Amino acid sequence: MTSTAGIIRSVCEGSIRAIARTLTRVENGSPDSVDILDGLFGKQQGFTLGVTGPPGAGKSTLVNRMITRYRSTDNSVGVIAVDPSSPYTGGALLGDRIRMQSHATDPKVFIRSMGSRGHLGGLSGATRDASCVFSAAGYSPVIIETVGVGQAEVEVADLADITLLVLVPGLGDDVQSMKAGIMEIGDIIVLNKADRNGIDQLESYVKASLELMPSTMERPEVVRISAANGEGLDELWEAIDRLLLKITREERKNRSAIQTLNGILEETGRNFSEKLLDVEYNGRDAAERLILSGKASPYAVGKKLLAAAERMFQHDEC
Amino acid sequence: MNRKIRVLIGKPGLDGHDRGAKYIARALRDAGMEVVYTGIRQTPAAIADAAIQEDVDFVGISLLSGAHNHLFPEVARILREKDASDIILFGGGVIPEEDIPGLKEAGYSAIFTPGTPASEVVDFINLQMEKRQ
């Protein structure tokens, strides 16, 4: 099962071991991962649901409920749960499974924990690729749970078809919820822990700040739930289904393709820059030394790389 | 390539004392590893399934209830049955000296008893990874 074609076949057949190993390959950026993803991309069948929100908002508990919901209709459910990696050691403690134990031995539930590995934005660099692997293997939905986010980790909204922003009472005053960015990424805003004090206040803050959104933007639905005791979940499922009906399969596919391209362009740009650094400066380390010793500014380095790239293309045209 | 050592720490059986498990999980994290912690009261089947889905290099089982002679080999058996015997097993907890040879025979590469410094577990894992490459 080492050939790329063999791996792709095993993943599409739903082999748990093959999927698990492929996820490792794409996460580690192993040399054959691009070919594998190239083969899997067109075979994707699932839709994706993103779940984001601050730490302790109850994201994992809600994901556990979502798994139950989609298992009741016999869907296979894939979960990618991202937790932060330490920027100092690179290590990570991945504990999201703890709250999803009720599905521990269900063969149609596949939970994969990922460290963010230095990637900012609330996901890991390989989340998109992992979602592609799950979707091609027949998992639908693929649920993506982000790290506990602050105010700028909005990346999941680009990746998922529908994003749930989970908020809870007591995490900050109304000014927090008026900050741009985080409030705009949710297709549905889930107010969790509805049994707690402060839930009415939270709801009025959230609704008031949504009132201020420009009328050109789609306003998210606001749903109150208690993920722990099950209250309000039916309304949430209905809200998700309503939104899913609004986007066609075609639209989902196109959006996913363009978003994937964006990610790849970024990565290609980085790789290309590294290559230019090798040519122009004898490597990144040497360029960094120049900057640190005050001989060149980072902007000067950027200018030189751009000029080198332009020269290169002129040569090609001749 | 951005390879990370992945370890699953599992806590089977009925005792809820997971300080040891969490202590080791944190120490391995601080040594730069990715550590999946499953939480307490897991069945051997749940631990084995999680290890396969997470594609870990190591599974560490912690147990203080005294049921290790039953539960430890059970995790090893299920992993073998699911064609995942390449995952390296180690165990920890209140385990009498005389039980250790039997657990090693059942597939455990190391058993760490109370008082073991966390660095010993880190060294064990790093050594096993070197051997594998």
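Remember, it's a predicted structure, so these values are computed and weren't measured experimentally. Residue numbers start from 1 in every chain, and the chains themselves are labelled A, B, ... in the order their sequence lines are given, proteins ahead of strands.
Of the inter-residue distances, the one linking Ile111(A) atom CD1 with Glu54(B) atom CD reads 8.0 Å to the nearest 0.5 angstrom. Once rounded to the nearest 0.5 Å, the distance linking CD1 of Ile98(A) with NZ of Lys11(B) reads 12.5 Å. With values rounded to the nearest 0.5 angstrom, Thr43(B) atom OG1 is found 9.0 Å from Gln101(A) atom CD. Considering CG of Asp83(B) and CD1 of Ile16(A), their distance stands at 13.0 Å, rounded to 0.5 Å. Atoms CG and CD1, on Asp55(B) and Ile19(A) in that order, are 11.5 Å from each other to the nearest 0.5 Å. Interatomic distance, Glu34(B) CD to Ser113(A) OG, rounded to the nearest 0.5 Å: 9.5 Å.
Within 6.0 Å of the CG atom in Leu14(B), the count of heavy atoms belonging to other residues, nucleotides or ligands does not exceed 12. Glu105(B) CD: 12 or fewer foreign heavy atoms inside a 6.0 Å radius. Residue-environment remark: CZ (Arg71(A)) exceeds the threshold of 12 foreign heavy atoms within 6.0 Å. The number of heavy atoms from other shown groups lying within 6.0 Å of CZ (Arg99(A)) does not exceed 12. Within 6.0 Å of CG on Asn282(A) lie no more than 12 heavy atoms contributed by other residues, nucleotides or ligands. By the 6.0 Å contact criterion, CZ on Arg19(B) is open, its count of non-hydrogen atoms from other residues, nucleotides or ligands being 12 or less.
Within the 4.5 angstrom heavy-atom criterion, no atom of Ser86(A) approaches chain B. In this structure, the portions of Ala84(B) lying under 4.5 Å from any heavy atom of chain A include both its backbone and its side chain. The contact between Ile40(B) and chain A is made entirely by backbone atoms, counting heavy-atom distances below 4.5 Å. Using a 4.5 Å cut-off between heavy atoms, Val79(A) does not touch chain B at all.
A salt bridge is absent between Asp83(A) and Arg29(B); no separation between the charged side-chain nitrogens and carboxylate oxygens falls under 4.0 Å. Salt-bridge check for Glu27(A) with Lys4(B): failed, with every basic side-chain N at 4.0 Å or more from each acidic carboxylate O.
Looking at Lys22(B) and Leu93(A), their side chains never come closer than 4.5 Å, going by heavy atoms from C-beta outward.
Between the side chains of Arg97(A) and Gln53(B), at least one donor-acceptor pair of N or O atoms lies under 3.5 Å.
For chain A, the option among Asp49(B), Val36(B), Ile52(B) with the highest count of heavy-atom pairs below 4.5 Å is Val36(B).
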